[in-house]
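Lettering follows sequence order; numbering is per chain, from 1.
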Amino acid sequence: MPILTDIKEILTGLSITFSHIWRKPVTVQFPEEQRPMPPRFRGSIVLTRDPDGAERCVACYLCSGACPVDCISMAAAEGENGRRYAAWFRINFSRCILCGMCAEACPTLAIQMSPEMFRCKRQVMDMVYEKEDLLIDGTGKDPEYNYYRHAGIGVVQPRGSSPGEQEPADPRSLLP
Amino acid sequence: MPKLIIDDIPVEVPPGTSVLEAARSVGITIPHFCYHPALAIAAACRLCAVKLLDGPVKGIQMSCSLPAQDGMVVSTTDPDALKMRSLVIEWLMLNHPHDCPVCDEGGECLLQDFTIAGGHSRRRYVGKKRTFQNQYLGERIHHEMNRCIECYRCVRFYQEYAGGTDFGVTGSAGRVYFGRFAEGALESPFSGNLVDICPTGVFTDKTGRFRARYWDYEFAPAVCQHCSVGCNTSPQNFQRELIKIVARRNDQVNGWFICDRGRFDKEYLNSPQRPRDPEIGGAPGEYRLALEAAANRISEFCLQNGAASLAFVGSGRLSLEGCLVLAELARVVGAPFCYFTESAAAQGSLAAVRLLNEQNAARVRDIEKAECIALFELDLMEEGAMLSLAIRKASLAGAQVFRVGGAREGEKHPLPFRYQEVATVDEVPFEGGSKGVVICGAGGKSPELLSYLASSGAKLVMLQPGPNAFGAALVSLERKGATLSDLVESGQIKAVVCFEADLPPWLLERVEVLACADWKRGGLTEKASVLLPTTTWVESNGTSINYEGRAQRFLRSRPAGLPLKGLDPKYYSSETEAVALHPPRVHRNYIPGGAEREAWRVMADLMLELGGEPVNEPLTGRWGKLRDLDPEGEGVRIYDLVSAQDLS
């Protein structure tokens, strides 16, 4: 009987509807409530520190070079012990498309996409973040990595003492 | 003429051409590190391997050191050659540190490019990297020996090409070290070229250390404005600040290199002391108001004293455009104009311009191929250092070099070639004169002396006292310019209007300065009642004519304005913000301190205020042919445009 089959179909559909009516809703009241996002979610951008607490960013300009919307600008400077750092570092989040190219380009793992959502602002200038706003007190992902331990230029340790390096050679010696 | 086939393209090249150069002539670039067209062949890096499929030699060969021969069939893409090149790259990278992000060469590094091109991305070698201690090489060049790939370019340039003696190679096997015997500043006045010539980051420019990257630089073809040689350079700007100057190739002028003065003497361009805003009576004002004030002062002065007691003063620092418009401005007012302040210097410059012609003005090639060279009473390393490298080339090829009149006072650098001292120019044995060259400074020499030197039959190099003093002298002859000291001494002149001029103190005391347009401060800008800032060569388009009469175009490489670094607190939104390190968080539709204009535009605007015609194109009349001068080209000698003989 077709009418009985029709009723059965309708009731099956309605049973799903009713089961959903009595379920706990999945909607959260953003921004008061926030769901934890997966670790690889591309939320807002942060600048991290190395395990020794120093800034990881060496202002190499690779992130600003990779940025497809040109929202990153900075100026490099030389610190004590020949350390290269960003004198200022600015991300214009009103232009940023959160594509993650900067984090992918970063050779020192300084710039990272945090899983935290970026908040809306009422003033455009409030979306222009300076280094002070971006720098966090943590290593973010990859807590062990310190670029300068592998760079081989003697900033955090004497020259020739990085892993995989020989002692500095004596250029005056002619011994084999 | 050997005929060979490279990658299926038939090529015919002059005898002695290497396979690498032959390939380049048909647009095939064979990767290389140690090969440099200006230097001797070393065949040290082994990267330029190609496979010869047929002909007099066969198999894998180094194309830089292999002369092209008849019947060669060369493949640059043969799998064997590719394999060889990728292995060479991997082997050169064995000891290279992992420091590209903090290396100033990053982005303009041949080793980076060819490592990517060779497909090397994973380190397979498990041994340890050899390291070195660096040396302190002075305040201009940073040394980072770990990055070295032993191509020997630096030492070949420094010792063989530039004649330096305090830098060389030591060590053996895997410890080959390029540096000085003891730490200290490099002595050669050409040491900055190590930065350009190193294919990786062993030598980097300390004056621009850790500042910017190649892809962010704003640059344009420029002509060095330090002396009258007119070397071709490429200034690299970042955030309105000049970070580095690098050499640009021009075989007719400087070859591949420039001297250290041209490379490192650049602080004045970024200086916060540079006049940036127009000043009226010492107080900053708008450009339009300053221009009106200057025009009013000129008109009032002319009404009271007559236009003939006012002089418009330029100098050899003005571009050719500036020189021409200055003459036009003076014509509108009816006042005399001058490019030279003192008559002794003026006479020499004007006489040199009259004497030189297409035949006797020596080209750099003539110096390099000369058999007999006389240096007449000049400090060559100060007045035209790059010529010393051309003389060195000639000297190494067997030319005799004579120095007349001995060393000048205060010479800082020894000449990088052998020479004999002689007392007078008559002792120099110019035989027939066809391969002889006389080199002297023109400024301050008497016309009789210069024509006597010219009568030797040798080719002539007469170095001018300013980067465009040749052009200024030409325009002075053409438009009947005067000399300021003559005008002042005759009592005719009471006031001056100066454009990029330098007045000696005794002249400055005797005249009133109605207005002054300049890009640097000095006695003149302090005394001027109206100051109009002008742009330097980095921020201007222009033409300058070098000592041999070669007109060269330079282009603006950055907009006028204050550098972003160290910007004045008044451009910030608040005082609390100003102490922050970042640039101002203020939107504005103009560049801070960007009121400067090219000197000729200031003159043209002033001319319009004084009732003249607007000037849209400064190069007019016979100079019009220079309008489409190619800034990337070799420049043109002006002798067929304008002959000084018709002018005098």
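- Closest approach of B:P583 and A:R90 over heavy atoms only: O-NH2, 2.7 Å.
- Minimum heavy-atom separation, A:G152 to B:N146: O-ND2, 3.1 Å.
- Under a 3.5 Å cut-off, the side chain of A:R159 and the backbone N or O of B:F132 do form a donor-acceptor pair.
- B:H98 NE2: 12 or fewer foreign heavy atoms inside a 6.0 Å radius.
- Taking OG1 from B:T131 and CD1 from A:I153, the interatomic distance works out to 13.0 Å, rounded to the nearest 0.5 Å.
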Item checked: Candidate pair A:R84 and B:D104, rule side chain to side chain contact (heavy atoms under 4.5 Å, CB included), full reasoning -> CA-CA 11 Å; A:R84 184 175 168 138; B:D104 274 327; 3.4 Å; yes
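- Close approach to chain B, defined as a heavy atom under 4.5 Å from one of its heavy atoms, is seen in no residue of residues 18-40 of chain A.
- Taking a 6.0 Å sphere around OH of B:Y268, one finds it holds more than 12 heavy atoms contributed by other residues, nucleotides or ligands.
- Heavy atoms of B:Q239 lying under 4.5 Å from chain A belong exclusively to its side chain.
- With respect to chain B, the highest number of heavy-atom pairs below 4.5 Å among A:W88, A:F89, A:Y148, A:Y85 belongs to A:W88.
- Residue B:D216 touches chain A through its side chain alone, counting heavy-atom pairs closer than 4.5 Å.
- Only the backbone of A:E167 comes within contact range of chain B, with heavy atoms under 4.5 Å apart.
- Here the closest non-hydrogen pair linking A:A151 and B:P97 is O-CB, 3.5 Å.
- Remark: A:N81 CG is packed, more than 12 non-hydrogen atoms of other residues, nucleotides or ligands lying under 6.0 Å away.
- Among the candidates B:W215, B:Y177, B:F238, B:F210, the residue making the largest number of heavy-atom pairs closer than 4.5 Å to chain A is B:F210.
- Contacts between B:R130 and chain A at a heavy-atom distance below 4.5 Å involve backbone atoms as well as side-chain atoms.
- In this structure, A:E116 places its CD atom where only 12 or fewer heavy-atom neighbours from other residues, nucleotides or ligands lie under 6.0 Å away.
- When every heavy atom of B:R175 is checked against every heavy atom of A:S173, the shortest pair comes out as NH2-O, 3.1 Å.
- B:H587 touches chain A through its side chain: at least one heavy atom from C-beta onward sits under 4.5 Å away, while N, CA, C and O do not.
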May I have the list of side-chain donor-acceptor pairs in residues 53-74 of chain A shorter than 3.5 Å, sequence neighbours left out?
from	atom 1	to	atom 2	distance (Å)
A:E55	OE1	A:K131	NZ	2.9
A:E55	OE2	A:K131	NZ	3.3
A:R56	NE	A:Y145	O	3.3
A:R56	NH1	A:T48	OG1	3.1
A:R56	NH1	A:L109	O	3.3
A:R56	NH1	A:T139	O	2.8
A:R56	NH2	A:D142	O	2.8
A:R56	NH2	A:Y145	O	3.0
A:Y61	OH	A:A76	N	3.1
A:Y61	OH	B:R211	O	2.5
A:S64	OG	A:Y61	O	3.2

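- Summarising the local packing, NZ of B:K565 is surrounded by 12 or fewer heavy atoms from other residues, nucleotides or ligands at distances under 6.0 Å.
- Contact detail for A:Y147 and B:C100: the closest heavy-atom pair is OH-N, 4.2 Å.
- At least one donor-acceptor pair closer than 3.5 Å links the side chain of B:R585 to the backbone N or O of A:M125.
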